[in-house]
Asker: 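Below is a structure I'd like to ask you about.
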2 protein chains.
Amino acid sequence: MANQFGERLKQLREQNNLLQRQVASILEIDTPMLSKIERGERKAKKEQVIQLARIMKVSNDELLTLWLADQIIDVTKDEDLALKAMQVAEDEIKYRKTKKKNK
Amino acid sequence: MANQFGERLKQLREQNNLLQRQVASILEIDTPMLSKIERGERKAKKEQVIQLARIMKVSNDELLTLWLADQIIDVTKDEDLALKAMQVAEDEIKYRKTKKKNK
DNA sequence: ATTTGACTTGTCAAATATTGGCAAATATAG
DNA sequence: CTATATTTGCCAATATTTGACAAGTCAAAT
């Protein structure tokens, strides 16, 4: 029952032959915390996601996208209306982008 | 700078010729609170959204969808990656639905 | 100009949630 | 078995959210 960000993070950590201990130390957190992040029990902070992208040598965007997606899934959790709501949200975000000239 | 749910709520309240005072009393909150909900400064609880749908004589789904959409927009706030992340989240939700037989 | 009613703003403490960290349990490897 | 890696459970500190109230603005009526 993990999340997408955590799964990818673990995969990357293994590809890079790093231990939780090592990665955790760079992020200045303890290993239990990193373990929880990998298993989706805790949420990384944005700053940590960016650090992790550098450590794992992937783009910020890749990890930030997964990280954000997890949060979206989180708020829509078990709702049936999730997909409909996402459509509405998507339209609104697009709409806001077009009128970014103002304000 | 309102949100979609709040705007719709206000619209419905006016269509139904109700005062904040009246609606608030049904929800058992004070008027300042309802005012804040309409202006998107505070988030209604799911239970209140359902009550409001009844009061305003619209479907639960309509209001719940807007309410959820606002929360999605909230977590993705100013992120450029919002749309990309929503796509990822959407795929994941669809995927989870297909394998709902298990669990 | 003052009163009245509807709505908004600002502030606060209480309730609730999130956080980081530790100690202990459980894997996994050698 | 021993050592190292990871996970689990728990707690106190911190932060966020909540509901409530007092005071504010605003418009209409008089």
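The chains referred to below are lettered A, B, ... by the order of the sequence lines, with proteins before strands, and numbering in each begins at 1.
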Asker: Between protein and nucleic acid, restricted to nucleotides 16-20 of chain D and to nitrogen or oxygen atoms under 3.5 Å apart, what atom pairs and distances do you find?
Answerer:
from: D:dG19; atom 1: OP1; to: B:K45; atom 2: NZ; distance (Å): 3.0
from: D:dG19; atom 1: N7; to: B:R42; atom 2: NH1; distance (Å): 2.8
from: D:dG19; atom 1: O6; to: B:R42; atom 2: NH2; distance (Å): 3.0
from: D:dA20; atom 1: N6; to: B:K36; atom 2: NZ; distance (Å): 3.3

Asker: Of the nucleotides D:dA5, C:dC7, D:dT7, which one has an atom closest to the side chain of A:R21?
Answerer: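 Nearest nucleotide to the side chain: D:dA5.
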Asker: Just the rounded figure in Å: distance from P of C:dT9 to CD of B:Q20.
Answerer: 11 Å
Asker: Might you work through the side-chain hydrogen bond (donor to acceptor under 3.5 Å, both in side chains) test for B:R39 and B:S35, ending with a clear yes or no?
Answerer: CA-CA 6 Å; B:R39 286 171 301 105; B:S35 167; 3.0 Å; yes
Asker: Measure from CG on B:L34 to C1' on C:dC7 and round the result to the nearest Å.
Answerer: 10 Å
Asker: Are A:L19 and A:L52 connected in the hydrophobic side-chain network, where two residues link if heavy atoms are under 4.5 Å apart?
Answerer: no
Asker: May I ask you to verify if any side-chain N or O of B:R39 is less than 4.0 angstrom from the OP1 or OP2 atom of C:dC7?
Answerer: no
Asker: Are A:I93 and B:M86 side-chain neighbours, meaning at least one heavy-atom pair lies under 4.5 Å?
Answerer: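 In contact.
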Asker: Pair B:L9, B:M56 - check side chain to side chain contact (heavy atoms under 4.5 Å, CB included), show working.
Answerer: CA-CA 8 Å; B:L9 179 56; B:M56 303 305 170; 4.1 Å; yes
Asker: Any strand is fair game: report the nucleotide pairing with D:dT8 by Watson-Crick or G-U wobble, both distances under 3.5 Å, or none.
Answerer: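 When the pairing criteria are applied, C:dA23 turns out to be the nucleotide that pairs with D:dT8.
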Asker: Does the side chain of A:N3 come under 3.5 Å of the side chain of A:E7 through a donor N or O and an acceptor N or O?
Answerer: no
Asker: May I have the distance from A:N17 (atom CG) to C:dA29 (atom C1'), rounded to whole angstrom?
Answerer: 15 Å
Asker: For nucleotides 25-30 of chain D, print each protein N/O atom paired with a nucleotide N/O atom at under 3.5 Å, atom names and distance only.
Answerer:
none

Asker: Nearest whole Å is fine: how far is C:dT18 P from A:I37 CD1?
Answerer: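 Answer to the nearest Å: 15 Å.
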Asker: Is the shortest distance from a Lys or Arg side-chain nitrogen in A:K45 or A:E47 to a carboxylate oxygen in the other one below 4.0 Å?
Answerer: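 No salt bridge links A:K45 with A:E47.
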Asker: Nearest whole Å is fine: how far is D:dA3 P from A:L19 CG?
Answerer: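 Computing the A:L19:CG to D:dA3:P distance gives 18 Å.
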Asker: Do the side chains of B:R8 and B:E62 get nearer than 4.5 Å, heavy atoms only?
Answerer: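 B:E62 vs B:R8: side chains touch.
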Asker: Could you tell me how far apart A:L27 (CG) and C:dG21 (C1') are, to the nearest whole angstrom?
Answerer: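 From A:L27 CG to C:dG21 C1': 15 Å.
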Asker: Of the options D:dT7, D:dA5, C:dT8, whose atoms approach the side-chain atoms of A:T31 most closely?
Answerer: D:dT7
Asker: Between A:R13 and A:L18, is there a donor-acceptor pair closer than 3.5 Å when you use the side chain of the first and the backbone of the second?
Answerer: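 Yes, because the side chain of A:R13 sits within donor-acceptor range (under 3.5 Å) of the backbone of A:L18.
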Asker: Rounded to whole Å, please give me the gap between CD in A:E41 and P in D:dT7.
Answerer: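 In whole Å, D:dT7 P lies 10 Å from A:E41 CD.
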Asker: When you check the side-chain N and O atoms of B:E38 and B:Q20, is any donor under 3.5 Å from an acceptor?
Answerer: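 Yes, side-chain donor-acceptor contact under 3.5 Å.
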